[in-house]
Amino acid sequence: MTGRTRVLLSKEEIQEKVKELAAIVSRDYRDKDLLLVCVLKGAVVFLCDLLRSLEIGAEIDFMAVSSYGNASISSGVVRILKDLDRSIDQKDVLIVEDIIDTGLTLSYLRENLLSRNPLSLRIITLLDKPERRIAKIEPDYCGFCIPDEFVVGYGLDYQEKFRHLPDLCVLLEFEP
Ligand code: 5GP
């Protein structure tokens, strides 16, 4: 399986941005009980880099939701495939996302987590495609706004491929 790709954001640009975001998050959560909730699987690479760049301690937990299946359009149907291991009651929760597209996934997730009584709930995303937004949702922290193109690499996949690419790339052609 191969694909032609074009680099949109280099690994150096991403690393610099992640450090900037980590500094802001560290400042905002200095005296708080921070829990990073990573949305599997795409956000895993971002979570790891963010966590390692924080100047404060943080707990981590994971959720898996279905939004896309194997197609590259949002179904609007969100199903929890893996729930958090622990309660978030009275925790300062920061949802860690790879990319916000229509916002439908995150919108559902936010309402779901808010019903569990966290002390606070914010969203950090590495990437945002604001042009495609359907749900009324904005991230509290955002790395890059990108154009409406399908991207892979830095943890993001197309049919479970391309996650390993260190740069963020636009997928131009794909051959199974
Ligand atoms: P939303 O519900 O905001 O439309 O979709 C969010 C999810 O769709 C992301 O967490 C990601 O898994 C997937 N997604 C949206 N845009 C892209 C993209 O350009 N590339 C990849 N690989 N996944 C995307």
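Heavy atoms only: backbone and side chains are in, while hydrogens, waters and symmetry mates are out. In each ligand, atom 1 is the first atom listed, and ligand 1 is the first ligand listed.
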Heavy-atom check, side chain of Leu119 versus side chain of Ile88, under 4.5 Å: no
Within-4.5 Å side-chain heavy-atom neighbours: Leu94 and Leu35: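 Of all side-chain heavy-atom pairs linking Leu35 with Leu94, none is under 4.5 Å.
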Residues Glu160 and Lys41 bridged, charged N to O under 4.0 Å: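 Lys41 and Glu160: salt-bridged.
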Within-shell test, Phe150 vs ligand 1, heavy atom, strictly < 4.0 Å: yes
Any Gly103 heavy atom less than 4.0 Å to ligand 1: yes
Polar atom proximity, Tyr158 to ligand 1 (N or O, under 3.5 Å):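 Looking only at distances, the answer is no, because the N/O contact criterion of under 3.5 Å is not met.
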Leu156-ligand 1 polar pair, N/O distance under 3.5 Å: no
For ligand 1, the portion of Leu106 having any non-hydrogen atom under 4.0 Å away: neither
Candidate pair Ile56 and Leu34, rule side-chain contact (heavy atoms from CB on, under 4.5 Å), full reasoning: CA-CA 9 Å; Ile56 55 170; Leu34 176 61; 4.0 Å; yes
Which of the numbered atoms in ligand 1 are under 4.0 angstrom from any heavy atom belonging to [X]?
X: Lys129; result: 16 (N), 17 (C), 18 (C), 19 (O)
X: Glu97; result: 10 (O)
X: Glu149; result: 19 (O)
X: Thr105; result: 1 (P), 2 (O), 5 (O), 6 (C)

Pick from Val152, Asp157, Leu171: the one approaching atom 22 (N) of ligand 1 most closely through a non-hydrogen atom: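 Selected option, by shortest heavy-atom distance: Asp157.
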Lys129 side chain to Thr102 backbone, donor-acceptor under 3.5 Å: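 Answer holds: no.
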Ile14 and Tyr154: CA distance, side-chain angles, deciding distance, side-chain contact (heavy atoms from CB on, under 4.5 Å) verdict: CA-CA 9 Å; Ile14 297 172; Tyr154 196 71; 3.6 Å; yes
Nearest-0.5 Å distance, CG of residue Leu47 to CG of residue Leu126: 12.0 Å
